[in-house]
Amino acid sequence: QVQLVESGGGLVQAGGSLRLSCAASISTFSINVIGWYRQAPGNQRELVASIDRYYRTTYGDSVKGRFTISRDNAKKMVYLQMNSLKPEDTAVYYCRLGQSDFWGQGTQVTVSS
């Protein structure tokens, strides 16, 4: 059974930083793409960043240069380091296994101006 559990969200002032973590329980973790997505009220869920088995990364245009995704296969963890946070980064952040229907429960990030 696949489980993804996010943590690390919270309230931060604009310009601040947060580090999100996604813990995965899957035997094939090291070969899977893991993505971070976010959804703000009234908006569609959007891709923030993803990382594949070769540690290649992709980022949404709005977070390039500010966010960094990384993974630790030994710990089955994926991280999202978020710097220079803006109020428009406020959303629930989810991790997802590839293009599957396996999502975490989400963690709230709120950035105050």
Side-chain angles (χ1 to χ4, degrees):
Q1 184 177 356
V2 175
Q3 276 194 316
L4 299 168
V5 180
E6 303 95 336
S7 60
L11 173 63
V12 64
Q13 288 189 328
S17 298
L18 281 175
R19 187 195 194 206
L20 305 183
S21 300
C22 173
S25 63
I26 176 173
S27 60
T28 58
F29 175 84
S30 65
I31 66 170
N32 278 283
V33 174
I34 302 293
W36 280 100
Y37 293 73
R38 68 186 181 187
Q39 187 168 21
N43 290 358
Q44 289 188 332
R45 197 169 293 189
E46 63 174 352
L47 176 67
V48 175
S50 66
I51 186 165
D52 72 9
R53 61 187 295 185
Y54 302 110
Y55 298 88
R56 293 176 299 197
T57 58
T58 60
Y59 295 94
D61 288 341
S62 62
V63 306
K64 284 179 181 176
R66 299 188 298 122
F67 290 10
T68 302
I69 189 170
S70 61
R71 67 191 296 162
D72 184 332
N73 286 340
K75 296 181 178 180
K76 296 186 179 181
M77 298 287 294
V78 175
Y79 306 100
L80 186 68
Q81 178 67 43
M82 306 186 296
N83 299 328
S84 303
L85 282 162
K86 305 175 181 180
E88 50 264 43
D89 294 318
T90 295
V92 179
Y93 285 70
Y94 302 88
C95 58
R96 181 189 187 188
L97 176 65
Q99 297 297 307
S100 75
D101 292 329
F102 294 110
W103 297 81
Q105 82 288 351
T107 186
Q108 176 70 47
V109 171
T110 302
V111 184
S112 63
S113 58

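Only this structure's heavy atoms are used, side chains among them; waters, hydrogens and symmetry mates stay out. Positions are given from 1 along the sequence. Everything numeric in this text was worked out from a predicted model, so none of it was measured.
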Heavy-atom closest contact (Val109 atom, Met82 atom, distance): CG2-CE, 3.8 Å
Tyr55 atom OH: more than 12 heavy-atom contacts under 6.0 Å: yes
Whichever hydrophobic residues join Tyr37 through chains of side-chain contacts under 4.5 Å: Leu47, Val92, Tyr94, Trp103
Atom pair CG/CD1 of Asp52 and Ile31 - distance to nearest 0.5 Å: 11.5 Å
By side-chain hydrogen bond (donor to acceptor under 3.5 Å, both in side chains) - contacts of Thr110 (at least two apart): Gln108
Residue pairs, two or more places apart or on separate chains, that pass disulfide (SG to SG under 2.5 Å) and touch residues 84-113: Cys22-Cys95
Check: Leu85 and Phe67 side chains under 4.5 Å, non-hydrogen atoms: yes
Phe29 six-ring centre to Arg71 NZ/CZ under 6.0 Å and within 45° of normal: yes
Between CG on residue Asn32 and CZ on residue Arg96, distance to nearest 0.5 Å: 12.0 Å
Residues that Ser62 engages under side-chain hydrogen bond (donor to acceptor under 3.5 Å, both in side chains), provided they are two or more places apart: Arg38
Closest approach of Ser113 to Pro87 (non-hydrogen atoms, all atoms of both residues): CB-CG, 3.8 Å
Asn43, CG: over 12 other non-hydrogen atoms inside 6.0 angstrom: yes
Flag side-chain contact, heavy atom, 4.5 Å: Leu97 against Ile34: yes
Shortest non-hydrogen separation from Leu80 to Ala49 and the atoms involved: CD1-CB, 4.2 Å
Trp36 and Glu6, any side-chain heavy atoms less than 4.5 Å apart: yes
All salt bridge (Lys or Arg N to Asp or Glu O under 4.0 Å) counterparts of Asp72, not counting sequence neighbours: none
Cluster overlap Val111 with Val63, hydrophobic side-chain contacts below 4.5 Å: yes
Closest approach of Arg53 to Ser30 (non-hydrogen atoms, all atoms of both residues): CB-O, 3.4 Å
Closest non-hydrogen atom pair, Val48 against Tyr93: CG2-CE2, 4.1 Å
Residues in side-chain hydrogen bond (donor to acceptor under 3.5 Å, both in side chains) contact with Thr68, at least two apart in sequence or another chain: none
Straight-line distance of Met77 CE to Ser7 OG, nearest 0.5 Å: 6.0 Å
Residue pair Asn83 / Ser17: nearest heavy atoms and the distance that separates them: OD1-OG, 2.9 Å
Lys/Arg N to Asp/Glu carboxylate O, Lys86 vs Asp89, below 4.0 Å: no
CD-CG distance between Gln105 and Leu4, expressed to the nearest 0.5 angstrom: 9.0 Å
